[in-house]
Amino acid sequence: MKKIIIFDFDGTIADSFPPMVKILKKQVKEMGYGDLTDKQIEIMRSMRPLDIITHFKFPFWKIPKLIQTVREELFNQIDKVKVFQGINELINNLKTKKIKYGILTSNSKKTVEAFLNINKLEGFDFIESETNIFKKSSHLAFIIKKYFLNKKDVIYVGDEVRDIEACREVGVEIISVTWGYNNKAVLEKNRPTFIVNSPSEILKIL
């Protein structure tokens, strides 16, 4: 039995992909890159962030501002973002079983806290934010050190290839979920410890 579950936020707990796509399309168009098509969005779902930047030839110096703008716009719409079906039940079960759980996100802490309050998702032991999308592994290692965790007691739950890579680098097991940003095929290709299609499967693994 794992003693601590670390959740990703966007695409794992919060169904923020649809509003984020709308925000991204608007911002990309305003930057002068034309319309971002649904087909291009699907292509992006099989890519890591660095691959997306390279593929669409976005200037690196514009990326931080684009990400910050998308985060701010999402915060303004957070009351419209839904919880994935089954997450409430999963969290309640973790509380019942006295399993600790926290969040490591690339989103802002204020957005996560607002979402959790709106949706009455309670009991998280910590919320850690690493807004640099390329430094998830270092922040995961920092969390383990900060909270005096044993890596063998920790499992991460996330929806992206970069989550798999971060966990592999740190030496932590990962459950990849198929309802988030990266599609199932690319997740399977990158060989997570476990892969699930619904939150109820997470409890079975634990």
Side-chain angles (χ1 to χ4, degrees), residues 2-17 20 24 44-55 58 60 63-64 66-68 70-71 74 84 87 90-91 94 99-109 111-113 115-116 124-197 199 201-202 205-206:
K2 294 294 182 180
K3 295 180 182 178
I4 177 76
I5 318 301
I6 303 177
F7 288 94
D8 179 44
F9 177 69
D10 292 292
T12 301
I13 292 175
D15 188 9
S16 55
F17 188 70
M20 203 169 278
L24 186 61
M44 289 168 62
R45 296 190 73 177
S46 66
M47 294 180 172
R48 297 171 300 171
L50 185 59
D51 298 330
I52 293 171
I53 294 167
T54 304
H55 179 81
F58 293 135
F60 276 88
I63 299 303
L66 173 62
I67 292 173
Q68 181 61 28
V70 171
R71 285 193 185 115
L74 185 63
F84 280 109
I87 291 295
L90 172 61
I91 297 301
L94 293 179
I99 299 174
K100 293 184 178 181
Y101 51 96
I103 290 175
L104 170 57
T105 179
S106 298
N107 209 323
S108 67
K109 189 173 180 178
T111 297
V112 175
E113 288 176 336
F115 179 87
L116 297 180
F124 288 87
D125 290 274
F126 58 82
I127 300 169
E128 294 281 342
S129 172
E130 176 50 75
T131 54
N132 187 325
I133 62 174
F134 301 110
K135 289 190 175 181
K136 200 157 207 178
S137 61
S138 60
H139 203 109
L140 180 56
F142 169 77
I143 288 172
I144 290 169
K145 184 176 181 180
K146 179 180 179 180
Y147 297 102
F148 304 100
L149 305 176
N150 186 324
K151 290 180 185 179
K152 293 181 180 179
D153 294 333
V154 177
I155 194 162
Y156 192 86
V157 180
D159 66 311
E160 294 184 64
V161 170
R162 67 192 179 100
D163 297 325
I164 300 172
E165 293 172 339
C167 289
R168 186 172 293 137
E169 187 173 335
V170 175
V172 168
E173 291 189 327
I174 179 169
I175 300 174
S176 289
V177 306
T178 59
W179 56 82
Y181 283 34
N182 279 148
N183 60 41
K184 185 176 182 178
V186 73
L187 292 172
E188 288 177 331
K189 184 178 178 181
N190 284 273
R191 296 174 287 107
T193 318
F194 305 98
I195 190 163
V196 298
N197 299 305
E201 294 177 58
I202 295 173
I205 291 171
L206 298 179

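In this chain, residues are counted from 1 in sequence order.
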Should [X] and [Y] count as side-chain neighbours, where that means a heavy-atom distance under 4.5 Å?
{"X": "Phe84", "Y": "Asp159", "answer": "no"}
{"X": "Glu173", "Y": "Phe194", "answer": "yes"}
{"X": "Arg191", "Y": "Arg168", "answer": "yes"}
{"X": "Leu206", "Y": "Leu94", "answer": "yes"}
{"X": "Phe17", "Y": "Arg45", "answer": "yes"}

Flag, side chain of [X] to backbone of [Y], donor-acceptor distance under 3.5 Å:
{"X": "Tyr156", "Y": "Leu104", "value": "yes"}
{"X": "Lys135", "Y": "Glu130", "value": "no"}
{"X": "Trp179", "Y": "Thr12", "value": "yes"}
{"X": "Arg162", "Y": "Ser137", "value": "no"}
{"X": "Thr193", "Y": "Ile175", "value": "no"}
{"X": "Asp153", "Y": "Lys3", "value": "no"}

Closest heavy-atom pair and its distance - [X], [Y]:
{"X": "Met44", "Y": "Asn182", "answer": "O-ND2, 4.1 Å"}
{"X": "Arg71", "Y": "Thr111", "answer": "O-OG1, 4.4 Å"}
{"X": "Met20", "Y": "Leu74", "answer": "CE-CD2, 3.2 Å"}
{"X": "Asp8", "Y": "Asp10", "answer": "OD2-O, 2.9 Å"}
{"X": "Ser129", "Y": "His139", "answer": "O-CE1, 3.5 Å"}
{"X": "Thr178", "Y": "Leu187", "answer": "CA-CD1, 4.3 Å"}

Kindly determine whether Lys146 and Glu128 satisfy salt bridge (charged side-chain N to carboxylate O under 4.0 Å, His left out), including the steps that lead there. CA-CA 11 Å; Lys146 179 180 179 180; Glu128 294 281 342; 2.8 Å; yes
Does any donor atom in the side chain of Asn183 or Ser46 lie under 3.5 Å from an acceptor atom in the other side chain?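 No pair is found: no donor N or O on one side chain lies under 3.5 Å from an acceptor on the other.
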Are side-chain N/O atoms of Tyr181 and Ser16 paired as donor and acceptor at under 3.5 Å?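 On atom types as modelled, these side chains qualify, holding a pair under 3.5 Å.
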Within this structure, what is the CD1-CD1 distance for the pair Ile155 and Ile99, rounded to the nearest 0.5 Å?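 So the CD1 of Ile155 and the CD1 of Ile99 are separated by 10.5 Å.
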When rounded to the nearest 0.5 angstrom, what distance separates NZ in Lys109 from CZ in Phe126?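 Here the interatomic distance stands at 11.0 Å.
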For the pair Val170 and Val154, evaluate side-chain contact (heavy atoms from CB on, under 4.5 Å) and give the outcome as yes or no after the intermediate values. CA-CA 11 Å; Val170 175; Val154 177; over 6 Å; no
Run the numbers on Asn197 and Lys184 for side-chain contact (heavy atoms from CB on, under 4.5 Å), then give the verdict. CA-CA 9 Å; Asn197 299 305; Lys184 185 176 182 178; 3.5 Å; yes
Should Asp163 and Ser176 be marked as a side-chain contact (heavy atoms from CB on, under 4.5 Å) after you check the CA-CA gap, both sets of side-chain angles, and the distance that decides it? CA-CA 8 Å; Asp163 297 325; Ser176 289; over 6 Å; no
Tyr147/Ile6 under side-chain contact (heavy atoms from CB on, under 4.5 Å): CA gap, chis, key distance, verdict: CA-CA 12 Å; Tyr147 297 102; Ile6 303 177; over 6 Å; no
